Visitor: 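Please read through the structure below; I'll follow up with questions.
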Amino acid sequence: MRSKIIAANWKMNKDEYESKKLTFEILKHLNKNNNTSINKILCVPFPFLSTIINMCSGIEGLFVGAQNCSSNIDGPYTGEVSCLMLKSLSVRYTIVGHSERRDLFGESESLILEKIKRLVAENMIPIYCCGESLEERNKGFHIKKVLNQIEDSIFKLSTKEVKNVIIAYEPIWAIGTGKTADLEDIQEIHLAIRKGIRSKFGRSISKNISILYGGSINALNAKQIFDLSDVDGGLVGGASLNSQDFIDIVNSFN
Ligand code: 13P
C-alpha cells in the first residue's frame, strides 16, 4: 500500500531552542488532532536529532529523519555522519540527493546511489530527491531528465532494495521560490515516474512506492497537489518551519 507522507525538510534553519519550540508546537497540534493514516516525518539538522526524537517518541505516525548521510560505513571522514550513527538513534528516514546537495556540494548520481544502498542495507528508508532545472523544463526535457536520474540510481537497486525507497520529485525552480509546477505537470511527471518504476520493477512495486512532490508547497496549494492521483504526499521546506503552516498542510491531506 502506498503510504501517505508529509516530510518536513528544515534544512539548515533553527537553533536548538527554536527547534524544540517548533517541535513542541507541532506536538501540541497533534495531541489535539493526529491523523495517524498520514506519516509525518520531521527531517531536522543532525545536532538536534536526539532531542527531537525524544520529544516525539510514542506519537503514532510521527517520525524524525535526517537530511543526509555518508556513503561510507565508518572511518576517517571528518565531518560526515554515517547511516549506522543515525540508526543507533533510531532514525529510519533520510533525505538523499536533494538538489541543494547535488548543486552546492557536487553530489553525483553514483554517490547518491551508494548512499541509498547503504541506507537500505541497514533497513533504513531513503527519501530520494530528483527534479529538473528551469532550463531543462523550458526546453521540454523535464521528464527525460528525471527519468535519467532515476535510471542512474533507483533502477540500479534490486527489487528487494527498491521496496524501501520513497521518491520525492522536486523541480529545482520551484524550491523556495513560491512557484509550484502546474497541477497537470505534477501529475504527468509523477505518472511517468510510476510507469518507469513499473517497467523496471513490475506493477506491484510501482503501485506501492510513495512518490512525493516538493517545491513551494504551502497551506493554500497543498490540497490540490495531494488530490492528484499519483501524488502520495509532500516534501515541505519553508512552510515546515512554521508549526501552523505545517499542520495546515498535514490537515489538508485526506
Ligand atoms: P520549499 O518548500 O521551501 O520550496 O523547499 C522544498 C524543498 O526543498 C524540500 O526538500
Side-chain angles (χ1 to χ4, degrees), residues 4-14 18-19 22 26 38-46 48-49 52 63-69 91-107 109 112 115-116 119 125-134 136-137 142 145-146 149-150 153-154 165-183 185-186 189-190 193 210-226 228 231-253:
K4 293 180 171 186
I5 297 163
I6 309 281
N9 179 4
W10 291 5
K11 307 191 180 182
M12 198 175 74
N13 293 295
K14 309 270 178 205
E18 293 163 340
S19 297
L22 175 55
I26 291 170
I38 299 167
N39 286 342
K40 292 142 302 260
I41 308 168
L42 306 180
C43 297
V44 309
F46 288 137
F48 312 133
L49 278 168
I52 295 174
F63 304 88
V64 180
Q67 300 171 15
N68 185 28
C69 64
V91 170
R92 271 196 89 201
Y93 297 91
T94 301
I95 296 171
V96 286
H98 192 281
S99 59
E100 287 151 12
R101 296 222 54 91
R102 293 171 187 263
D103 293 348
L104 304 173
F105 301 94
E107 291 198 4
E109 207 63 53
I112 294 162
K115 292 183 181 197
I116 295 173
L119 285 163
I125 303 183
I127 303 174
Y128 164 82
C129 301
C130 54
E132 81 285 356
S133 66
L134 186 57
E136 288 157 341
R137 158 75 56 165
H142 46 292
K145 169 64 188 274
V146 168
Q149 287 178 321
I150 289 176
S153 51
I154 302 296
V165 174
I166 295 166
I167 295 177
Y169 165 64
E170 297 204 306
I172 298 170
W173 50 271
I175 294 176
T177 58
K179 294 182 193 142
T180 48
D182 291 344
L183 294 174
D185 287 339
I186 297 176
I189 204 151
H190 278 239
I193 294 170
S210 293
I211 308 176
L212 315 182
Y213 170 80
S216 296
I217 296 182
N218 59 41
L220 297 177
N221 62 25
K223 181 171 169 32
Q224 286 175 306
I225 295 172
F226 300 155
L228 296 168
V231 174
D232 304 305
L235 180 54
V236 187
S240 72
L241 298 172
N242 176 288
S243 61
Q244 187 64 57
D245 288 347
F246 181 66
I247 288 296
D248 285 347
I249 290 169
V250 171
N251 289 341
S252 69
F253 202 2

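From a predicted model like this one, the values you see are computed outputs, not experimental measurements. Counting starts at 1 for both ligands and their atoms, in listed order.
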Visitor: To which protein heavy atom is atom 9 (C) of ligand 1 closest, and what is the distance rounded to 0.1 Å?
Guide: Glu170 OE2, 2.8 Å
Visitor: Which ligand 1 atoms does Leu235 reach within 4.0 Å, using its non-hydrogen atoms?
Guide: 9 (C), 10 (O)
Visitor: Would you mind telling me if ligand 1 is within reach of the side chain of Ala174, the backbone, both or neither, using heavy atoms under 4.0 Å?
Guide: backbone
Visitor: Evaluate side-chain contact (heavy atoms from CB on, under 4.5 Å) for Val44 paired with Ser19, printing each intermediate quantity in order.
Guide: CA-CA 8 Å; Val44 309; Ser19 297; over 6 Å; no
Visitor: Quick one: CD1 on Ile127 to NE2 on His98, what's the gap to the nearest 0.5 Å?
Guide: 10.5 Å
Visitor: Nearest protein heavy-atom contact for atom 3 (O) of ligand 1: which residue, which atom, what distance?
Guide: Gly238 N, 2.8 Å
Visitor: Just let me know how Asn9 lines up against ligand 1, side chain, backbone, both or neither, with a heavy-atom cut-off below 4.0 Å.
Guide: side chain
Visitor: Regarding Lys4 and the six-membered ring of Phe253, is the cationic atom NZ or CZ under 6.0 Å from the ring centre and inside 45° of its axis?
Guide: yes
Visitor: Has Arg92 got more than 12 heavy atoms of other residues, nucleotides or ligands less than 6.0 Å from its CZ?
Guide: no
Visitor: Show me which atoms of ligand 1 lie under 4.0 Å from any heavy atom of Lys11.
Guide: 5 (O), 7 (C), 8 (O)
Visitor: Taking the side chain as every heavy atom from C-beta outward, state whether Gln67 and Glu100 have any atom pair closer than 4.5 Å.
Guide: no
Visitor: For atom 2 (O) of ligand 1, grab the closest protein heavy atom and report residue, atom and distance to one decimal in Å.
Guide: Gly237 N, 2.9 Å
Visitor: So, is Ser216 polar-close to ligand 1, with some N/O to N/O distance under 3.5 Å?
Guide: yes
Visitor: With respect to Gly214, determine whether any N or O atom, backbone or side chain, lies less than 3.5 Å from an N or O atom of ligand 1.
Guide: no
Visitor: Say whether, by atom type as modelled, one donor and one acceptor occur between the side chain of Lys14 and the main chain of Leu241 under 3.5 angstrom.
Guide: yes
Visitor: Is a donor on one side and an acceptor on the other found under 3.5 Å between the side chain of Asn221 and the backbone of Ser216?
Guide: yes
Visitor: So, does Gln149 use its side chain to make a donor-acceptor pair with the main chain of Gly131 at under 3.5 Å?
Guide: yes
Visitor: Got an N/O contact under 3.5 Å between Thr177 and ligand 1?
Guide: no
Visitor: If we only count N/O pairs under 3.5 Å, is Val236 in contact with ligand 1?
Guide: no
Visitor: Just jot down the ligand 1 atoms closer than 4.0 angstrom to any heavy atom of Gly176, in number order.
Guide: 1 (P), 3 (O), 4 (O)
